[in-house]
Amino acid sequence: MENKPIRVAITQGDTNGVGYEVILKALEDPQMLELCTPIIYGSPKVAAYHRKAMDLQTSFSIIDRAEDAKDGRVNMLTTFDDEVKVEFGVPSKEAGEAALKALDRAMTDYRAELYDVLVTAPIDKNTIQSDLFHFCGHTEYIEQSVGDGQKALMILASGNLRVALVTTHLPIKDVAQAITKEAIVEKATIFHKSLRCDFRIQNPRIAILSLNPHAGDNGLLGDEEKETITPAIEQLAGGGIQAFGPYAADGFFGSGNYTRFDGVLAMYHDQGLAPFKALAQETGVNFTAGLPIIRTSPDHGTAYDIAGKGIADEQSLRQAIYTAIDIYRNRQNFDEPAKNPLPKLYHEKKDESEKARFASPRQKREDSRDKKADNSKGKPEGQQEKAE
């Protein structure tokens, strides 16, 4: 099984956006099939419509179950048989329902361990809302579906630039209240673990951004830095995590200071994502850290404005596949040394020392006489008397 290609589940996303275009373009390269076995969760009819409309050449094999996926080919798993009207660039409830059916089936198959990693094409967060989906996005839905009680962390990654968020999809008016010492410590701790396990950075350095302009200017522009963020950084440092800051966000990115760190923890969505996308729009990947499942996605949305025109750039989707595979391998390599630990041979010695520490004075005298008697055995008779 270790030599089998990694199985990559790919959900179709919004059927009126660029999801199918970037998926089919990314899988057009035959070398991709040497790296992994892709399983697209969606509709063969919708996929064929997109392919024909944009004159794409990617072929796929239709399957009904993930168990039937074949290596060396693009597998299209049918998640619904209903006719779906495709209207490029038009948000619709029908497209949202189709996206949810694909995503929900992928969650079911993950619980059955039918694939290794998940890559999600963009959804419309408004049209996908229903009685079954009442979340702000993929991250929150996946956390509740297969998180096993663990907390998710959104990380945007491109090369050596990795930006994580304390708060994600919140209105700006609610951000300050959500920035607590506990939230910062929790997210930074997850970030630190992910940098070590998922990105294989042995002792990561994490920069933590301020909330207010100019890092609050010593309380003139806000006191969250003094009262919340700095104490959180001190607690992290006391726990062995290399956390630094708080840094004013504008100067931090503008000066290139981010290149000195392995990760950057931003306080809210646009504070982290705006500079990230300015620096890495085409190659950026959204990674959901902190959960058992490995899930990545391109760092762009449905791109309704260019849907159906054949001009969407697939690099971010392709990089999302590569990143998911890399993280899968990194986790295996990280966990491997701990599978068969060496026996702790010092236990017996430790037990004797503990016994000596808590022995009574009488017991210590008896032990001392026994030790002298043992040392005198085998010696000439005169020496035995002297020893006694």
Side-chain angles (χ1 to χ4, degrees), residues 6 8 10 18 22-23 25-27 29 31-32 35-36 117-122 138-139 152-166 168 187-188 190-209 241-245 247 249-267 269-291 294-301 303 312-334:
I6 294 172
V8 179
I10 306 173
V18 298
V22 295
I23 291 171
K25 283 181 175 179
L27 298 178
D29 185 354
Q31 291 185 350
M32 185 67 77
L35 185 64
C36 66
V117 300
L118 174 66
V119 177
T120 58
H138 275 116
T139 303
L153 175 70
M154 182 187 293
I155 299 177
L156 278 294
S158 177
N160 292 327
L161 175 60
R162 305 169 195 89
V163 178
L165 307 176
V166 175
T168 52
K187 297 299 184 181
I190 298 172
F191 197 13
H192 176 263
K193 181 179 179 180
S194 179
L195 290 170
R196 295 187 68 241
C197 174
D198 300 325
F199 295 94
R200 299 309 304 272
I201 301 171
Q202 186 62 34
N203 194 18
R205 292 167 49 87
I206 299 174
I208 297 184
L209 301 183
I241 294 177
Q242 291 199 83
F244 306 89
Y247 297 99
D250 56 350
F252 182 81
F253 286 100
S255 64
N257 200 19
Y258 66 90
T259 61
R260 300 170 54 196
F261 297 90
D262 301 299
V264 181
L265 184 64
M267 292 297 111
H269 187 279
D270 285 11
Q271 184 189 53
L273 268 62
F276 178 87
K277 291 188 176 184
L279 294 166
Q281 176 66 47
E282 295 180 349
T283 59
V285 173
N286 181 352
F287 166 51
T288 302
L291 303 182
I294 296 172
R295 174 257 171 170
T296 62
S297 72
D299 71 346
H300 58 73
D313 192 328
E314 76 279 11
Q315 287 190 66
S316 184
L317 192 282
R318 183 184 292 114
Q319 194 61 44
I321 296 174
Y322 292 157
T323 300
I325 292 172
D326 287 343
I327 291 173
Y328 178 81
R329 290 172 174 164
N330 285 343
R331 284 192 182 182
Q332 284 190 319
N333 294 334
F334 187 84

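Computed over heavy atoms, backbone and side chain alike; hydrogens, waters and symmetry mates excluded. Numbering starts at 1 and runs along the sequence shown.
- Side chain of Ser316 to backbone of Gly284: a donor-acceptor contact under 3.5 angstrom is found.
- No side-chain donor-acceptor contact under 3.5 Å links Asn286 to the backbone of Asp299.
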Candidate pair Thr139 and Thr168, rule side chain to side chain contact (heavy atoms under 4.5 Å, CB included), full reasoning: CA-CA 9 Å; Thr139 303; Thr168 52; 5.7 Å; no
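- Across Tyr247, Phe191, Phe253, a single residue satisfies ring-ring contact (aromatic ring centres under 6.0 Å, His included) together with Phe261, and that is Tyr247.
- The shortest side-chain heavy-atom distance between Leu161 and Leu279 falls under the 4.5 Å cut-off.
- The environment of Lys277 atom NZ is dense: over 12 non-hydrogen atoms of other residues, nucleotides or ligands sit within 6.0 angstrom.
- Val8 is listed as a side-chain neighbour of Val117, based on a closest heavy-atom distance under 4.5 Å.
- Side chains of Thr288 and His138 form no contact here, defined as non-hydrogen atoms less than 4.5 Å apart.
- Remark: Ile325 CD1 to Cys36 SG distance equals 4.5 Å, nearest 0.5 Å.
- Cation-pi geometry between Arg196 and Phe334 is not met at under 6.0 angstrom from the ring centre and within 45 degrees of the axis.
- The shortest non-hydrogen separation linking Thr283 to Ser158 is OG1-OG, 2.9 Å.
- Taking CD1 from Ile327 and OH from Tyr322, the interatomic distance works out to 15.0 Å, rounded to the nearest 0.5 Å.
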Derivation and outcome, side chain to side chain contact (heavy atoms under 4.5 Å, CB included), residues Val264 and Leu209: CA-CA 7 Å; Val264 181; Leu209 301 183; 3.9 Å; yes
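- The side-chain heavy atoms of Ile10 and Leu27, taken from C-beta on, include a pair separated by under 4.5 Å.
- In plain terms, the two heavy atoms of Ala243 and Ile208 that are nearest each other are CB-CD1, 4.0 Å.
- Lys25 contributes no side-chain N or O that, together with a main-chain N or O of Leu317, makes up a donor-acceptor pair within less than 3.5 Å.
- Here the side chains of Ser194 and Phe287 are in contact, with some heavy-atom distance below 4.5 Å.
- The two residues Ile190 and Gly290 have their closest heavy-atom pair at CG2-CA, 3.8 Å.
- No side-chain heavy atom of Arg318 sits less than 4.5 Å from a side-chain heavy atom of Val22.
- Rounded to the nearest 0.5 angstrom, Arg205 CZ and Leu195 CG are separated by 12.5 Å.
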Candidate pair Glu314 and Ile23, rule side chain to side chain contact (heavy atoms under 4.5 Å, CB included), full reasoning: CA-CA 7 Å; Glu314 76 279 11; Ile23 291 171; over 6 Å; no
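- Thr296 contributes atom OG1, which lies 10.5 Å from atom CG of Asp326 (distance to the nearest 0.5 angstrom).
- Closest of all the heavy-atom pairs between Ala188 and Leu265 is CB-CD2, 3.9 Å.
- In terms of heavy-atom proximity, Asp313 sits nearest to Gln315 at OD1-N, 2.8 Å.
- When every heavy atom of Ile155 is checked against every heavy atom of Ala164, the shortest pair comes out as CG1-CB, 4.0 Å.
- By the 4.5 Å heavy-atom criterion applied to side chains, Arg162 and Phe276 are not counted as neighbours.
- Put simply, the side chain of His300 reaches to within 4.5 Å of the side chain of Val18, judged on heavy atoms.
- More than 12 heavy atoms of other residues, nucleotides or ligands lie within 6.0 Å of CG in Asp250, so this atom counts as buried by the packing criterion.
- For the atom pair CD (Gln332) and CD1 (Ile6), the distance works out to 7.0 Å, reported to the nearest 0.5 Å.
- Using modelled atom types, one side-chain atom of Thr323 and one backbone atom of Gln319 make a donor-acceptor pair closer than 3.5 Å.
- Note that the CG atom of Leu165 and the NZ atom of Lys187 stand 9.0 Å from one another [nearest 0.5 Å].
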